[in-house]
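The basis for the numbers below is simple: all heavy atoms, side chains too, and nothing from hydrogens, waters or symmetry mates.
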Amino acid sequence: MDDKELGRMLRLEKVVDGAAGSHGDVSASEKNNGTVDAFSQEKTKDELLKEKHDQLKFRLKKRIRPEVFARMPEEIQDFLIEMDPTDMKEVYISTLLNLPWESEFKVPEIELMEAKTMLDNSHYAMKDVKEKVLRYMACQKYLGKNYGAVMLLAGPPGVGKTSIAVSIAKAMGRPCVKISLAGVSDALFLRGTQTVFNNAKPGRIVDALVHGKSFCPLILLDEIDKMGSSIEHGCPENVLLDILDSDRSKFVDNYLGFPLDLSNVIFIATANSLEPLSPILQDRLDIVELPPYTLVDKKEIVKGYIWPKLIREYQIEDVDLEEDAIEELIALCPEEGVRDLERICRKICESVISLYYVEGSLIKNIKAENLAKIMGPIYYR
């Protein structure tokens, strides 16, 4: 046992009155003879851990299991043992125990070719994003640890920023947790509120770990260009700068009070425009701009992604959408993305099913010539 462990053990024995009482009273002569030191040095690491757990279990109202306590980093164990018992409120205990201590702390295993197939099957084009992500995955696999800068996907609405982030999480074998930052003007939203205040609660980063049930999730920071700021409550962008720092191993949430290791968390941000972002924040991000879709892109997306997905969802696999009908639909949706295009294709699926019950037969081919009938009113003509 080294001096550091011995000193920590002696400090822990002071926390509970009479911690050494079970071994009898120690006389001054015994202390001088080094009897206590000899006895202490005989204690194993497991015994020290059990002593820590027994003390913490008392404070946490006997709600923490030894295996959960053993999974906590040592500095967090020490922090909790030394914490003022009056701060150990029921809500705090619940938040503490809801953190995914029993999940894996190491990054998930990655199969690169499977990941590439997943990304290709879920999204058309986006080669710059896919290339960058696969490079990050390859380095992560080779180094055995998290790798890569924080990506910012910037582009107009409907070009697939959020959905590609979800697909990246799936390809990496990580849960995806979305944090919407639109309209957020309070720094405490991300960092949490100290327990001394009424209605104190942890920040959204801690919530993401809880909801993702992992210390290695992909956290999607959605619409960071729409964040606000407040003189009274601080600027959330400053908190974001701290979170996105290259060393994320010591993030402290105000509510919990102890450092959390976010080094295995993947962060991806989205924005419609780069203009509202400060140069400092932009410098922390690996910016990938997604251009608007062309007419050719939209046609391929409808044929290869949107329509196949919808006919499976609505169980109308026998219905074909002809190319001239697709061109008509694209003309009705001049947006830069494909959100409206998917919405109108969904309406067509609803119409096909409705016409089946009204007319008694299922339309097999949707063409430009019958598109007006399908798109028009059915029950109130």
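With salt bridges taken as basic N to acidic carboxylate O contacts below 4.0 Å, none links K309 and E313. Under 4.0 Å is where a charged nitrogen must lie from a carboxylate oxygen, and between R346 and E342 at least one such pair does. Checked for salt-bridge contact, E75 and K250 meet the test: a charged N lies under 4.0 Å from a carboxylate O. Salt bridge K132/D286: present, at least one basic N to carboxylate O contact under 4.0 Å. Between D242 and R191 a salt bridge is recorded (basic side-chain N to carboxylate O distance below 4.0 Å). Residues K373 and E359 are paired through a salt bridge, judged by an N-O separation under 4.0 Å between the basic side chain and the carboxylate. In this structure, K367 does not pair ionically with D324, as no charged nitrogen and carboxylate oxygen lie closer than 4.0 Å. In summary, E327 and K299 engage in a salt bridge, as defined by a charged side-chain N under 4.0 Å from a carboxylate O. A salt bridge is defined here as a Lys NZ or Arg NE, NH1 or NH2 lying under 4.0 Å from an Asp or Glu carboxylate O, and E350 with K347 fails to meet this definition.
Linking ILVMFWY residues whenever their side-chain heavy atoms come closer than 4.5 Å, directly or via other members, leaves V166 and I110 in distinct clusters. Clustering ILVMFWY residues whenever any of their side-chain heavy atoms sit less than 4.5 angstrom apart, transitively, puts L153 in a cluster other than the one holding F267. In this structure, M151 is not a member of the same hydrophobic cluster as L285, with clusters built from ILVMFWY side-chain heavy atoms closer than 4.5 Å. In the hydrophobic clustering of this structure, I168 does not group with L152; members are Ile, Leu, Val, Met, Phe, Trp, Tyr whose side-chain heavy atoms approach within less than 4.5 Å, directly or through other members. Put simply, I366 and L355 are part of the same group of oily side chains (I, L, V, M, F, W, Y) that touch within less than 4.5 Å, one to the next.
In terms of heavy atoms, Q140 sits closest to P108 at NE2-O, 3.6 Å. Minimum interatomic distance between H123 and I164 (heavy atoms only, all atoms of both residues): NE2-N, 3.2 Å. In plain terms, the two heavy atoms of N254 and G192 that are nearest each other are ND2-O, 3.0 Å. When every heavy atom of P157 is checked against every heavy atom of N272, the shortest pair comes out as N-ND2, 3.7 Å. In terms of heavy-atom proximity, G158 sits nearest to Y293 at O-CE1, 3.9 Å. Minimum heavy-atom separation, W101 to P73: CZ3-CD, 3.8 Å.
In the displayed structure, K141 atom NZ is contacted under 6.0 Å by more than 12 heavy atoms of other residues, nucleotides or ligands. Counting non-hydrogen atoms of other residues, nucleotides and ligands closer than 6.0 Å to NZ of K116 gives a total of 12 or fewer. Atom CD of Q315 sits in a sparse spot, with 12 or fewer heavy atoms from other residues, nucleotides or ligands closer than 6.0 Å. By the neighbour-count criterion of 12 heavy atoms within 6.0 Å, atom CG of L295 is sparsely surrounded, having that number or fewer from other residues, nucleotides or ligands. Heavy-atom neighbours of F105 CZ from other residues, nucleotides or ligands within 6.0 Å: above the threshold of 12.
Residues L221 and I268 fail the side-chain proximity criterion, which asks for heavy atoms closer than 4.5 Å. Considering only heavy atoms from C-beta on, F251 stays 4.5 Å or farther from D261 through its side chain. A heavy-atom distance below 4.5 Å is not found between the side chains of D186 and P236. A 4.5 Å side-chain heavy-atom check between C235 and N238 finds at least one atom pair inside the cut-off. Within the 4.5 Å cutoff, the side chain of I205 has heavy atoms near those of the I179 side chain. Residues L329 and V302 are not in side-chain contact: their nearest non-hydrogen atoms beyond the backbone lie 4.5 Å or more apart. Residues V319 and Y314 form no side-chain contact, since every pair of their non-hydrogen atoms from C-beta on lies 4.5 Å or further apart. A heavy-atom distance below 4.5 Å is not found between the side chains of V239 and F189.
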Give the intermediate values and the outcome of side-chain contact (heavy atoms from CB on, under 4.5 Å) for residues L218 and V177. CA-CA 6 Å; L218 185 150; V177 185; over 6 Å; no
Please assess S354 against Y379 for the test side-chain contact (heavy atoms from CB on, under 4.5 Å), listing each intermediate value before the final yes or no. CA-CA 8 Å; S354 294; Y379 297 101; 3.4 Å; yes
With ring-ring contact (aromatic ring centres under 6.0 Å, His included) as the test, would you mind laying out the steps for Y142 and Y147 before giving the verdict? CA-CA 10 Å; Y142 184 79; Y147 179 87; over 10 Å; no
Report the C-alpha separation of C216 and V265 in whole Å, then their side-chain angles, then the decisive distance to 0.1 Å, and conclude whether the side-chain contact (heavy atoms from CB on, under 4.5 Å) test is met. CA-CA 5 Å; C216 306; V265 176; over 6 Å; no
Would Y356 and I316 count as a side-chain contact (heavy atoms from CB on, under 4.5 Å) if you check the C-alpha gap in whole Å, the side-chain angles of each, and the deciding distance to 0.1 Å? CA-CA 11 Å; Y356 170 74; I316 51 173; over 6 Å; no
Kindly indicate, with the supporting measurements, whether the criterion salt bridge (Lys or Arg N to Asp or Glu O under 4.0 Å) is fulfilled by K364 and D320. CA-CA 6 Å; K364 298 292 186 179; D320 292 326; over 6 Å; no
Let me see the working for R135 and E131 under salt bridge (Lys or Arg N to Asp or Glu O under 4.0 Å), right down to the final yes or no. CA-CA 6 Å; R135 285 171 180 260; E131 177 74 17; 2.9 Å; yes
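Judged by distance alone, the side chains of D297 and T294 do bring a donor and an acceptor atom under 3.5 Å apart. Under 3.5 Å, the side chains of N264 and K145 contain no donor-acceptor pair of N or O atoms. No side-chain N or O of Y136 forms a donor-acceptor pair with one of N146 less than 3.5 Å apart. No hydrogens or angles considered: nothing links the side chains of E223 and T270 as a donor-acceptor pair under 3.5 Å.
Of the possible polar contacts, one joining the D253 side chain to the G203 backbone as a donor-acceptor pair under 3.5 Å is found. The backbone N or O of M72 sits less than 3.5 Å from a side-chain atom of Q77, completing a donor-acceptor pair. Of the possible polar contacts, one joining the R71 side chain to the S103 backbone as a donor-acceptor pair under 3.5 Å is found. Of the possible polar contacts, one joining the E335 side chain to the R339 backbone as a donor-acceptor pair under 3.5 Å is found. When atom types are taken as modelled, the side chain of N121 and the backbone of T117 share a donor-acceptor pair closer than 3.5 angstrom. At distances below 3.5 Å, at least one donor-acceptor pair connects side-chain atoms of Q282 with backbone N or O atoms of L274. Side chain of S263 to backbone of R248: no donor-acceptor contact under 3.5 angstrom is found.
Ring geometry for F79 versus F258: interplanar angle over 60°, hence perpendicular rather than tilted (30 to 60°).
To the nearest 0.5 angstrom, S351 atom OG is 9.5 Å from I353 atom CD1. Atoms CG and CD, from L256 and Q194 in turn, are 12.0 Å apart once rounded to the nearest 0.5 Å. Within the model, atoms CG of L190 and CG of L181 stand 6.0 Å from one another, a figure rounded to the nearest 0.5 Å. Between the CG atom in N98 and the CG atom in D207 there is a gap of 10.0 Å [rounded to 0.5 Å]. Once rounded to the nearest 0.5 Å, the distance linking CD of E237 with CG of L281 reads 4.5 Å. Note that the OG1 atom of T193 and the CG atom of N199 stand 9.0 Å from one another [nearest 0.5 Å].
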